[in-house]
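In what follows, a single structure is set out as structure tokens and then discussed.
A quick note: this is a predicted structure, and the numbers were derived from the prediction, not measured. In this chain, numbering begins with 1 at the start of the sequence shown. Heavy-atom basis, side chains included; hydrogens, waters and symmetry copies ignored.
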Amino acid sequence: MSKYELSDIAQVLAILGVIISLAFVGLEINQNTSLARNQAYLEYVESLKDLTLEIATDDALPGLIARLVEGEMEEGFSAEDNVRIPLFQNATVRVWEGLYRSWSAGYLPQEAVANIGGGTLLNNDYFRQKSWPAIKVHFSPDFVTFFENQAWNSE
């Protein structure tokens, strides 16, 4: 074999090596993206589960939420309840923020945020008039815009 032919074989093998390496990197990226997407779903579901369990197992929260749904405002609650309610509403909005961050990073599809409501803890006048104006300053403008544009979050 001539020196020229050996050089050609080496170049072909090098090109094949690069192609195989790129295919492997593509496969790894695809697997990592799937893993990140699954992790985002799990984190959101876990956060939602924790909030739901907190409401279900707490002695006072179900009653407070029922009163919120009936339209009771700040004056109707004790000072302790007026501390507790906004804190719990803030925690619920944080779950929404996590969902938004995962969606905006491309880990979750549009359907993940399309048909989720605010629930009775957020879908009331107490939240809209008292809690949200006070807590929204702690969130980034992009999330505030997203959150306020949710169909369920309008008066």
Looking at every non-hydrogen atom in both residues, tell me the closest pair between Pro133 and Gln129 and how far apart they are. CG-O, 3.5 Å

Heavy atoms of Leu68 and Gln89 approach each other most closely as CD1-NE2, 4.1 Å

Taking side chain as C-beta onward, heavy atoms only, is [X] less than 4.5 Å from [Y]?
X: Val69; Y: Asn124; answer: no
X: Ile29; Y: Phe24; answer: no
X: Asp125; Y: Lys130; answer: no
X: Pro86; Y: Tyr126; answer: yes

From CA spacing to verdict: side-chain contact (heavy atoms from CB on, under 4.5 Å), Gln150, Trp96: CA-CA 11 Å; Gln150 295 306 298; Trp96 262 94; 3.9 Å; yes

Find out if a path of hydrophobic residues (ILVMFWY) with successive side-chain heavy-atom gaps under 4.5 Å connects [X] to [Y].
X: Leu87; Y: Phe147; value: no
X: Tyr100; Y: Leu108; value: yes
X: Met73; Y: Phe88; value: yes

Does Phe146, at its CZ atom, have more than 12 non-hydrogen atoms belonging to other residues, nucleotides or ligands within less than 6.0 Å? yes

Let me confirm one number: the OG1-CD1 distance from Thr92 to Ile135, rounded to the nearest 0.5 Å. 8.5 Å

Going by side-chain hydrogen bond (donor to acceptor under 3.5 Å, both in side chains), name the residues that satisfy it together with [X], two or more places apart in sequence or in a different chain.
X: Trp103; result: Gln110
X: Glu46; result: Lys49
X: Ser78; result: Glu80, Asp81

Between Asn90 and Phe139, is the side-chain contact (heavy atoms from CB on, under 4.5 Å) condition met? List the steps. CA-CA 10 Å; Asn90 187 17; Phe139 292 90; 3.5 Å; yes

Asp58 (side chain) donor-acceptor with Glu54 (main chain) under 3.5 angstrom: no

Parallel, tilted or perpendicular: which describes the rings of Phe127 and Trp132, with under 30° parallel and over 60° perpendicular? tilted

Note: with side-chain heavy atoms under 4.5 Å as the link, the other cluster members for Leu22 come out as Val18

Donor-acceptor contacts, no H, no angles, side chain residues 60-67, under 3.5 Å, sequence neighbours left out:
unit_1	atom_1	unit_2	atom_2	d
Arg67	NE	Glu72	OE1	3.1
Arg67	NE	Glu72	OE2	3.3
Arg67	NH2	Glu72	OE2	2.7
Arg67	NH2	Gly76	O	2.7

Show me the pairs that pass salt bridge (Lys or Arg N to Asp or Glu O under 4.0 Å) and involve residues 89-102, at least two apart or across chains. Arg94-Glu97, Glu97-Arg101, Arg101-Asp142

